[in-house]
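So the structure is just underneath, and the comments pick up after that.
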Amino acid sequence: MKNVLVTGASGGIGTRLRVLLKGVYPHLRWSDLKSPPDLAAGEDFVRADLADMGQVETAVAGIDGIVHLGGFSVEGPWDTILNANIIGCYNLFEAARRAGVKRIVFASSNHAVGFYPRRRRIGTDAPVRPDSRYGVSKAFGEALGALYAFKHGLAVTCIRIGNFGDAPIDERRLSIWIKPEDLVQLIRIGLEHPKIRHEIFFGTSDNVRGWWDNEAAFRFGYRPQGRSEDHRDAALAAQAKLAPDRIGDWYQGGTFCGAEYDGDPDLSWV
Ligand SMILES: NC(=O)c1ccc[n+]([C@@H]2O[C@H](COP(=O)([O-])OP(=O)(O)OC[C@H]3O[C@@H](n4cnc5c(N)ncnc54)[C@H](O)[C@@H]3O)[C@@H](O)[C@H]2O)c1
């Protein structure tokens, strides 16, 4: 990989990657709706709205591999999700195919499978159970990735990111936390491993309370360094200050599951 584009460059993860990926690839290009406030003179930045195919084509020109972080990153109104995450994701994959891009790493989310109860352990072969319109858009991106991998020969890696940050901030995050350096490891597998076609990994560190079987990532050499249990006391103290959430505390997706919920009040069957 010589020329790597990262979308969503101005967001929380993109901002960290601008530091953590420095020097890893010969040419990094960054793209977003808005430019990062601390953009340095030598950095290659292309402003592009993912919902605009022409702008996306400009961003992907001359690129070998893409880390696709851009989009609306929480639950939102349908039009917002449709434009940023569904049309935007389609434009990104289609522009990449036209430009001869070889690899895409797609930032999927735990919210693609949020409606599994916490008592279940799931692998990446479990059917999707999105907990929100946002989660549906991530399941869409994973499916689109499979289409472009198997029909058009791109190497696509979907990372179902749990929660990215320096430390897990509550009990749920003890199960799904990912340390920034561990996400970089997964991204690099997606951009560099010779055997990738279409893979789905869980973006999670070494969390003993985890709900996910991440065997697929381990097979590709992933060796997470972060251990959420090292942060247990602080995370549980923060949890103790939160109000109970009957639906959100039952399901893996947390508050995304409880929001707008008018389903079965009896949870014992799931
Ligand atoms: N942070 C996490 O813990 C986490 C967890 C699961 C999944 N993810 C996914 O990882 C990605 C990055 O997450 P983040 O926390 O940095 O999100 P973020 O919201 O901080 O950043 C997203 C970026 O995308 C840009 N964007 C939004 N709409 C756009 C459009 N139409 N065109 C171009 N750019 C647009 C925004 O300007 C923003 O800078 C997202 O796709 C998110 O869904 C993140």
Side-chain angles (χ1 to χ4, degrees), residues 1-52 55-74 84-85 88-89 91-93 95-96 99 101-110 138 141 145 155-169 173 176-193 196 201 203-205 217 222-226:
M1 285 290 110
K2 288 205 176 82
N3 303 292
V4 172
L5 166 71
V6 183
T7 69
S10 305
I13 297 182
T15 299
R16 291 297 286 271
L17 289 188
R18 284 180 46 237
V19 176
L20 293 170
L21 287 181
K22 211 174 204 164
V24 175
Y25 300 104
H27 171 213
L28 284 161
R29 177 180 296 158
W30 306 94
S31 183
D32 202 293
L33 271 178
K34 47 181 195 268
S35 53
D38 58 344
L39 198 67
E43 284 186 291
D44 177 7
F45 176 79
V46 175
R47 186 191 308 271
D49 182 348
L50 289 159
D52 182 315
Q55 294 181 24
V56 178
E57 283 183 321
T58 303
V60 305
I63 289 297
D64 306 310
I66 300 175
V67 183
H68 182 39
L69 304 173
F72 201 72
S73 62
V74 287
N85 293 14
C89 193
N91 286 347
L92 190 281
F93 273 86
V101 172
K102 297 179 195 70
R103 288 173 179 258
I104 296 180
V105 175
F106 170 60
S108 184
S109 168
N110 68 90
K138 294 301 184 180
V156 178
T157 303
C158 304
I159 306 176
R160 288 181 182 163
I161 302 170
N163 188 245
F164 176 94
D166 290 319
I169 55 171
R173 269 50 167 248
I176 70 168
W177 173 64
I178 184 161
K179 183 181 165 131
E181 288 78 2
D182 287 343
L183 183 63
V184 168
Q185 221 190 110
L186 287 171
I187 289 170
R188 292 195 62 178
I189 290 170
L191 289 177
E192 298 169 33
H193 197 289
I196 298 279
F201 300 149
T204 181
S205 285
Y222 178 50
R223 299 289 177 266
Q225 302 303 307

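Counting begins at 1 with the first residue of the sequence.
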Next on the checklist: If you define the side chain from C-beta out and look only at heavy atoms, does anything of Val67 sit under 4.5 Å from Leu5?
Outcome noted: no

Checklist entry - Who passes salt bridge (Lys or Arg N to Asp or Glu O under 4.0 Å) against Asp44, sequence neighbours left out? => result Arg29

Checklist entry - So do Ile104 and Leu92 actually touch side chain to side chain, heavy atoms under 4.5 Å? => result yes

Next on the checklist: Can you tell me how far apart CD1 (Ile161) and OG1 (Thr204) are? Round to the nearest 0.5 Å.
Outcome noted: 11.5 Å

Checklist entry - In chain order, what residues pass the side-chain hydrogen bond (donor to acceptor under 3.5 Å, both in side chains) check against Thr157, with sequence neighbours excluded? => result none

Item to check | Contact check, side chains of Pro180 and Leu183, non-hydrogen atoms, under 4.5 Å | outcome: no

Next on the checklist: Check Lys102 with Asp64, please: is the shortest side-chain N to carboxylate O separation under 4.0 Å?
Outcome noted: yes

Checklist entry - Got a sec, which residues hit side-chain hydrogen bond (donor to acceptor under 3.5 Å, both in side chains) with Ser109, two or more places apart in sequence or on another chain? => result none

Checklist entry - salt bridge (charged side-chain N to carboxylate O under 4.0 Å, His left out): which pairs involve residues 6-19, sequence neighbours left out? => result Arg16-Asp166, Arg18-Asp38, Arg18-Glu43

Item to check | All side-chain contact (heavy atoms from CB on, under 4.5 Å) counterparts of Ser35, not counting sequence neighbours | outcome: Phe45, Arg47

Checklist outcome for this item: Residues at least two apart in sequence or cross-chain that pass side-chain contact (heavy atoms from CB on, under 4.5 Å) with Ala99, listed by chain then number, are Val60, Val101

Checklist entry - How far apart are the closest heavy atoms of Gln55 and Asp49, and which atoms are they? => result OE1-N, 2.7 Å

Checklist entry - Is any side-chain heavy atom of Val105 less than 4.5 Å from a side-chain heavy atom of Ile66? => result no

Item to check | Nearest atoms (heavy-atom pairs only) where Leu69 meets Ala107 | outcome: CD2-CB, 3.8 Å

Checklist outcome for this item: The reported gap from CZ in Phe106 to NE2 in His68 (rounded to nearest 0.5 angstrom) is 6.0 Å

Checklist entry - Is there a donor-acceptor contact under 3.5 Å from the side chain of Arg103 to the main chain of Gly65? => result no

Next on the checklist: With a 4.5 Å cut-off on side-chain heavy atoms, are Phe201 and Cys158 touching?
Outcome noted: no

Next on the checklist: Which residues pass the salt bridge (Lys or Arg N to Asp or Glu O under 4.0 Å) test with Asp32, not counting sequence neighbours?
Outcome noted: none

Checklist outcome for this item: For Val56 and Asn91 the tightest heavy-atom approach is CG1-O, 3.8 Å

Checklist outcome for this item: Hits for side-chain contact (heavy atoms from CB on, under 4.5 Å) against Asn110, two or more places apart or cross-chain, chain-then-number order -> Arg172, Ile176, Trp212

Checklist entry - How many angstroms lie between CG in Asn3 and NE2 in His27, if you round to the nearest 0.5 Å? => result 6.0 Å

Checklist entry - How close do Ala95 and Glu57 get, heavy atom to heavy atom, and via which atoms? => result CB-CG, 3.9 Å

Next on the checklist: What verdict does the side-chain contact (heavy atoms from CB on, under 4.5 Å) test give for Ile63 and Val4, after you've listed the backbone C-alpha separation in whole Å, the side-chain angles of each residue and the deciding distance to 0.1 Å?
Outcome noted: CA-CA 6 Å; Ile63 289 297; Val4 172; over 6 Å; no

Item to check | With Lys22 via side-chain contact (heavy atoms from CB on, under 4.5 Å) - residues at least two apart | outcome: none

Checklist entry - Which atom pair, heavy atoms only, marks the closest approach of Asp182 to Ser205? => result OD2-OG, 2.6 Å

Checklist entry - Can you name the salt bridge (Lys or Arg N to Asp or Glu O under 4.0 Å) partners of Glu192, sequence neighbours left out? => result Arg188

Item to check | Shortest non-hydrogen contact from Trp30 toward Gly14 | outcome: CZ3-O, 4.1 Å

Next on the checklist: Using the rule given for side-chain contact (heavy atoms from CB on, under 4.5 Å), can you reason through Ile178 versus Asn163, listing the C-alpha separation, both sets of side-chain angles and the distance that settles it, and then say yes or no?
Outcome noted: CA-CA 6 Å; Ile178 184 161; Asn163 188 245; over 6 Å; no

Checklist entry - Sub-3.5 Å donor-acceptor pair from the side chain of Thr7 to the main-chain atoms of Gly70, do we have one? => result yes

Checklist entry - Would you call Pro224 and Lys179 a side-chain contact if the rule is heavy atoms closer than 4.5 Å? => result no

Checklist entry - Where do Leu186 and Tyr222 land on the side-chain contact (heavy atoms from CB on, under 4.5 Å) test, with the steps shown first? => result CA-CA 7 Å; Leu186 287 171; Tyr222 178 50; 3.5 Å; yes

Checklist entry - Do Val156 and Phe93 have side-chain heavy atoms sitting under 4.5 Å apart? => result yes

Checklist entry - Who are the ring-ring contact (aromatic ring centres under 6.0 Å, His included) partners of His193, not counting sequence neighbours? => result Phe220

Item to check | Listed partners of Gln185 passing side-chain hydrogen bond (donor to acceptor under 3.5 Å, both in side chains), at least two apart | outcome: none

